[in-house]
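These notes concern the structure reproduced below.
Computed from a prediction, not measured in an experiment: that's the story for all the values here.
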Amino acid sequence: MVELSGNLLYIAFFLYLSATIFFAVSVTGRKWRNKEGEMRGNRWGFIGFLSSIFASFFSLGYFFTRWYIAGHAPVSNMYEYMTFFAIAIGLAFIILYAIYRSNYLGLFTMPVVMLLIAYASMFPGEISPLIPSLQSNWLTIHVITVALGQGILTIGMAAGLIYLLRTIDFSKTNKRTRSMEIILFCVLSLVGYIVAGTAFNLANYEAQFNYINEFETEATMTYTMPAFIGPNEGELLTEGALSPFLYVPENIRANDMNTVIWSILVGLILYWLLRLILRKRISAAIQPLLKGVSPQLIDEISYRAIAIGFPVFTLGGLIFAMIWAQIAWSRFWGWDPKEVWALITFLFYAAYLHLRLSKGWHGERSAWLCVIGFGIIMFNLVFVNLVIAGLHSYAL
């Protein structure tokens, strides 16, 4: 059954890849005329939409099969949560595509889904029993609702990114063009993590450290990539492994921080390789693909996605989370890093809706907020969850 669950996810991944290809063909291919001679979009986009539906079907098959095997919802560690987050994005895309029929949205959304599934695969995927604080139905309700909300908000990011790539003048060098390149570099850093993680896994690299953890007790930490930084009062146990250049305090998870550094380094290499190949900014190379985009329509899609995703995220990330926190730790709120950043995310999107509805922030300013909001979500999921020690650190 475990193998069946994994195979269903593999099939879903390749269907998402197929959808990406079909959407790419749809935005670059020739259009066709109906019997009345009117120009219509080519059929590749519809095939891509069908492929995304089948992908979601198989990914949900993975989800419920794993749920049956584990006996609990598969959202209790980074592998499971990031995978379900990707599934949630795919489901949100299907709903919004059915309304707006934007092939460009599919071209940008499907790669995000694939990247997150690939990113999740870098974490241990074994099924393990839940610790006592996680053995609650409110965990299932809280985490699934949060992931669904974040999935819908991600569609807003994709639409906002399309708007910016479509409307910014990349022949000039300014804050907007530099910011767009930074965004694309962050995406390549995620790819860099996957590349580096895969390479070192194939090489079976591992290094062990003794260190003093945040509870001031001796513990062991394992590195799967050569150590640029070491844990608090760390002692390298593996002969021949790279010795750290510096050591971090006990409230920082050093091995995960080290992974972030490797991701950035490989991301830099990938970024400059692409710059050399394209001989221009990456964003400037993408822009011609988006000449058929209607800025007004894509701006509307980004707003609708945020307007739908925000209350869903609020329900799961704050209300259900506080109920679960009361059951698990006998308090509604404790200023844990994860809780703080969930609140920051809520306040940011609340500010977005206020500025959009009351101050008339449409178009480019609205698009930048959509992209920044997704950056906050990913910072919370990756950096806060992995690097900063806290009550949510068990979700690895």
Of Y16, Y97, F46, F108, which meets ring pair (Phe, Tyr, Trp, His ring centres under 6.0 Å) against F23?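 That would be Y97; it is the only one of Y16, Y97, F46, F108 passing the ring pair (Phe, Tyr, Trp, His ring centres under 6.0 Å) with F23.
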If you measure from [atom1] on [X] to [atom2] on [Y], what distance do you get to the nearest 0.5 Å?
X	Y	atom1	atom2	value
I269	S189	CD1	OG	11.0 Å
E300	R304	CD	CZ	4.5 Å
I69	I127	CD1	CD1	5.0 Å
Q150	L381	CD	CG	5.0 Å
L9	S5	CG	OG	7.0 Å
M378	L116	CE	CG	5.5 Å

Using a 3.5 Å distance criterion without hydrogens, assess whether the side chain of [X] forms a donor-acceptor pair with backbone atoms of [Y].
X	Y	result
R166	V293	yes
T177	N174	yes
Q287	I168	yes
N380	T345	no
S302	A159	no
N201	G197	yes
S121	A118	yes

What pairs of residues pass the ring pair (Phe, Tyr, Trp, His ring centres under 6.0 Å) test when at least one of them lies in residues 161-180, not counting sequence neighbours?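 The answer is none; no pair qualifies.
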Do [X] and [Y] have their ring centres less than 6.0 Å from each other?
X	Y	value
F379	F374	no
Y223	F209	yes
F63	F84	yes
Y10	F58	no
W138	F320	yes

Among residues at least two apart in sequence or on other chains, which ones pass side chain to side chain contact (heavy atoms under 4.5 Å, CB included) with L237?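 Partners of L237 under the side chain to side chain contact (heavy atoms under 4.5 Å, CB included) test: Q208, N210, E235.
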Restricting to non-hydrogen atoms, name the atom on [X] and the atom on [Y] that form the minimum distance, rounded to 0.1 Å.
X	Y	answer
L165	S283	CD2-CB, 3.6 Å
T222	N255	O-ND2, 3.2 Å
L96	A305	CD1-CB, 3.9 Å
F85	G151	CE1-N, 3.7 Å
S102	I298	OG-CD1, 4.1 Å
I89	I155	O-CD1, 3.8 Å

Is the closest side-chain donor-acceptor distance between R275 and Y271 under 3.5 Å?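 Note: R275 and Y271 side chains meet the donor-acceptor criterion.
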Return yes if a side-chain donor-acceptor contact under 3.5 Å exists between Y79 and E126, otherwise no.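 Checked: Y79/E126 side chains show no N/O donor-acceptor pair below 3.5 Å.
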Geometric class of the Y352/Y303 ring pair [parallel <30°, tilted 30-60°, perpendicular >60°]: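 Rings of Y303 and Y352: tilted, 30 to 60°.
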Parallel, tilted or perpendicular: ring planes of F346 versus F310, cut at 30 and 60 degrees: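 Aromatic pair F346/F310 classed parallel.
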Please tell me whether I212 and L246 are part of a single hydrophobic cluster in this structure, the criterion being side-chain heavy atoms less than 4.5 Å apart.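 As far as the 4.5 Å side-chain criterion goes, L246 and I212 are not connected within one cluster.
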Please lay out, stage by stage, how Y193 and Y119 fare under the test ring pair (Phe, Tyr, Trp, His ring centres under 6.0 Å). CA-CA 8 Å; Y193 168 74; Y119 174 73; 5.1 Å; yes
Does CG belonging to N137 count more than 12 external heavy atoms closer than 6.0 Å?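 Atom CG in N137 is not crowded, with 12 or fewer foreign heavy atoms closer than 6.0 Å.
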Please check if the number of heavy atoms outside F54 that lie under 6.0 Å from its CZ is greater than 12.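 No, because the 6.0 Å sphere around CZ of F54 holds 12 heavy atoms or fewer from other groups.
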Is there a side-chain hydrogen bond (donor to acceptor under 3.5 Å, both in side chains) between R356 and S366? Walk through the geometry before answering. CA-CA 7 Å; R356 174 95 187 191; S366 175; 3.0 Å; yes
What I want to find out is whether R365 reaches D299 closely enough, with some N-O distance under 4.0 Å, to be called a salt bridge.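 Result for this pair is no, no salt bridge flagged.
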